[in-house]
Q: 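For reference, the structure I am asking about is given below.
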Amino acid sequence: MEQWHKEAVVYQIYPKSYLDTNGDGIGDLRGIIDKLDYIKSLGVNTVWLSPCYPSPGDDNGYDISDYRGIAAEYGTLEEFKELLEGMHSRGIRLLMDLVVNHTSDEHEWFVESRKSRDNPYRDYYIWRDPVDGKEPNGWTAAFGGSAWEYDETTGQYYLHLFSKKQPDLNWENPKVRQEIADMINYWLDMGVDGFRCDVINNISKDFTRPYAGGNGPRLHEFLHELHVKALEPHKALTVGETWGLSPKQALDLTGEARGELTMTFQFEHLLLGRVGGDKFDPEPLDKKAFVDILAKWEEGLKEDSYPVLVMENHDQPRALSRFGDREKYPYESATMLAALLYGMRGVPFIYQGQELGLHDPTFRSLEEYRDIETLNAYAELKATGKWTDEELLAKMQYGSRDCGRVPMPWNNEKEGGFTTGTPWIKTQADPGYTVAEQENDPKSVLNFYRKLFELRKNIPALADGEFKLLWNEDDVSVYTRTAEGITVYVVCNFSAEKKDLPDCFPRGGAILLNNYDNEKEWLRPYQALWIKTK
Ligand code: GLC
Ligand code: CA
């Protein structure tokens, strides 16, 4: 398997909200092309582009109607090639989003499939007869309601783990698997470097389970087949979006000898601050657990895999709002979180705007939301009659995916410099939180990230060194990274109070990174330090 992932630093772009260059209110590929020098300046060397394929947009592009094209609102295939070329000439690799658990219901395969029971595409999807005149089983969809939709034309139900406009593909059908392998080869032949694989552990279903979900019996077989037919010949990098795995299960998907995926995301720490992981049900953050979980994954994957370090993406509210102190210590807590997570062993993933330490935008009414998950959840919760509208809005503000989806704030001009037209979703550019302001401010989150990535690149202990958690008590944690006789110590104060430096942290050594100017009197609120010792 290709090893370049060990040096990768990935920047996720959500094209709809990056930069609009033609005034239609929707970000576009030209906007990304225009910002390539900015992207390069962050110190990242890989971009993951969220879907930019043709799509009716029921789930912002995660419902694809043509796997081989570019959505007209984003540009043309020619522009896509220009973007790819522009990245490669700057030493940046491109990962596309591979959404193959489901297609759009407007994909031609599904349009055909639903026509008749004997249509050649019928078995591209999962159709079942009604059971006692009802849904085939009790599975529910991620965006609410049953995971089964009845189709009048043929009198059967089709499965959709997400919205009913996202029918699940039938991976048991070898023709489907061949189509997907061919499509992957089409993009890799064009020069794309790999894929982020959307909800990939769902492709094999386990129908013996009472609840909807993946990790079915043929998951490994299906992935290995893709590996052999498409990924391995191109040395492509893959990172699987896999919710709810144990480290052992992740190893089984990514271990060197498996020939399946390169890496998987782990999101266990992102379930914290939510009662039972329910994003609309807040509870206080367990900071000790946050660090313990990260350490558990570092340990669990060390033998035979490489972790992914992530705290934001297009499905999550902003890390500063979730885990930091937005009111009193926005700079300190945003940079502490970065120093804590990205000092660890693994591939850093950051999401557009995270480099500015953005907080969640303020949504004043339901009309300001666009996300299907949010709108459905609001309706479902409202129907229970348990909450007032005000309480429901507070819930949405806490957990909505739209918190991370408002456009990049480039400057303090109209709409944050994102568009000259009417943006598809509200914009929010707060003073101090724009690229233009942070660019030349040495004490900005933006320049902290640049420094951090520079250090990771140059110090082998930070790249692939061994990880060891030494201390995690009373909101203070200390860990080390060691390689080639050099140890880097990381200490983080995960609180708004002053704390004593734990004894295990060395008093000497060279300061590599510090989110305060002080040389001593550690630890201040949300202070983070990286120190190098021989
Ligand atoms: C993944 C995507 C999310 C999407 C879902 C269905 O979780 O990240 O945005 O809604 O899959 O494709
Ligand atoms: Ca546009």
Side-chain angles (χ1 to χ4, degrees), residues 12-35 48-53 55-65 67 70-76 79 95-105 107 141-144 147 159-169 195-203 212-214 239-244 264-265 267 270-271 279 308 310 312-317 349 351 370-377 399-405 407-408 415 417-425 427:
Q12 182 194 351
I13 295 182
Y14 198 64
K16 199 168 187 179
S17 293
Y18 205 58
L19 178 64
D20 171 29
T21 56
N22 65 351
D24 65 356
I26 298 172
D28 39 52
L29 297 187
R30 180 63 54 199
I32 305 173
I33 294 171
D34 286 356
K35 290 295 177 188
W48 152 26
L49 186 61
S50 274
C52 55
Y53 314 92
S55 160
D58 192 51
D59 186 19
N60 280 358
Y62 283 90
D63 49 322
I64 297 170
S65 53
Y67 279 124
I70 295 295
E73 66 267 34
Y74 291 149
T76 62
E79 281 172 305
L95 307 179
M96 289 188 87
D97 217 310
L98 187 74
V99 188
V100 291
N101 174 67
H102 46 267
T103 68
S104 163
D105 65 338
H107 192 290
F143 299 151
L159 181 71
H160 60 90
L161 296 187
F162 294 88
S163 97
K164 64 180 181 205
K165 286 184 67 60
Q166 293 168 298
D168 280 52
L169 282 165
F195 298 92
R196 173 267 188 185
C197 309
D198 192 68
V199 293
I200 196 69
N201 51 326
N202 284 336
I203 59 175
V239 49
E241 188 207 18
T242 44
W243 283 88
T264 53
F265 287 104
F267 301 115
L270 301 184
L271 297 172
K279 63 178 77 172
V308 173
V310 67
E312 287 190 14
N313 60 34
H314 65 293
D315 293 329
Q316 299 292 330
F349 272 67
Y351 175 62
R370 297 287 175 273
D371 172 28
I372 179 172
E373 179 188 67
T374 309
L375 299 174
N376 287 358
S400 173
R401 304 194 296 181
D402 279 340
C403 290
R405 294 180 178 184
M408 270 291 281
E415 310 296 359
F418 165 70
T419 180
T420 54
T422 307
W424 71 275
I425 191 171
T427 59

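Remember, it's 1-based here, ligands and their atoms both numbered in the order they're listed.
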Q: Specify which N/O/S atom of Asp20 comes nearest to the Ca ion (ligand 2), by atom name.
A: OD1

Q: Would you say Gln166 and Ser104 are linked by a side-chain donor-acceptor pair, where the criterion is simply a distance under 3.5 Å?
A: no

Q: Take the Ca ion (ligand 2) as the vertex and measure to OD1 of Asn22 and O of Ile26; round to 10°.
A: 150°

Q: Find all atoms of ligand 1 within a distance of less than 4.0 Å from any non-hydrogen atom belonging to Val199, and give their numbers and elements.
A: 1 (C), 7 (O), 11 (O)

Q: Check whether any N, O or S atom of Tyr74, backbone or side chain, sits closer than 3.0 Å to the Ca ion (ligand 2).
A: no

Q: Would you sort out whether Phe162 and Glu373 count as a side chain to side chain contact (heavy atoms under 4.5 Å, CB included), showing the intermediate values?
A: CA-CA 9 Å; Phe162 294 88; Glu373 179 188 67; over 6 Å; no

Q: How far is atom 8 (O) of ligand 1 from the closest protein heavy atom, and which atom is that?
A: Asp315 OD2, 2.5 Å

Q: What does the angle at the Ca ion (ligand 2) come to, between atom OD1 of Asp24 and atom OD2 of Asp28, rounded to 10°?
A: 170°

Q: Just verifying a value: how many Å separate Asp315 CG and Tyr62 OH, rounded to the nearest 0.5 Å?
A: 6.5 Å

Q: Quick one: does Thr76's side chain have a donor or acceptor within less than 3.5 Å of a partner on Glu79's backbone?
A: yes

Q: Only heavy atoms of Asp59, strictly under 4.0 Å: list the atoms of ligand 1 that pass.
A: 4 (C), 5 (C), 6 (C), 10 (O), 12 (O)

Q: Nearest protein heavy atom to atom 11 (O) of ligand 1, by residue and atom, and its distance?
A: Asp198 OD1, 2.9 Å

Q: Numbering the atoms of ligand 1 from 1, which are under 4.0 Å from a heavy atom of His102?
A: 6 (C), 12 (O)

Q: If only atom types and distance count, is the side chain of Asn201 paired as donor or acceptor with the main-chain N or O of Gly214 below 3.5 Å?
A: no

Q: Is the closest heavy atom of Arg405 to ligand 1 under 4.0 Å?
A: yes

Q: Should you measure from each heavy atom of Glu241, which atoms of ligand 1 turn up under 4.0 Å away?
A: 1 (C), 7 (O), 8 (O), 11 (O)

Q: Could an N or O of ligand 1 be found under 3.5 Å from any N or O of Trp243, whether backbone or side chain?
A: no

Q: Heavy-atom contact under 4.0 Å between Arg401 and ligand 1?
A: yes

Q: With no hydrogens and no angle check, is any side-chain donor or acceptor of Asp168 less than 3.5 Å from a backbone partner on Leu161?
A: yes

Q: Looking only at atom types and distance, does a side-chain atom of Asn101 sit under 3.5 Å from a main-chain N or O of Val199, one as donor and one as acceptor?
A: no

Q: Does Lys164 pair with Asp105 as a salt bridge, N-O distance under 4.0 Å?
A: no

Q: Strictly under 3.0 Å, is any N, O or S atom of Gly23 next to the Ca ion (ligand 2)?
A: no

Q: Ligand 1 versus Glu373, non-hydrogen atoms closer than 4.0 Å: side chain, backbone, both, neither?
A: neither

Q: Is Phe143 near ligand 1, meaning one of its heavy atoms is under 4.0 Å from it?
A: yes

Q: Output yes when a side-chain donor or acceptor of Asp28 lies under 3.5 Å from a complementary backbone atom of Asp20, and no otherwise.
A: no

Q: Is it true that Asp59 and Arg401 make a salt bridge, defined as a side-chain N closer than 4.0 Å to a carboxylate O?
A: yes

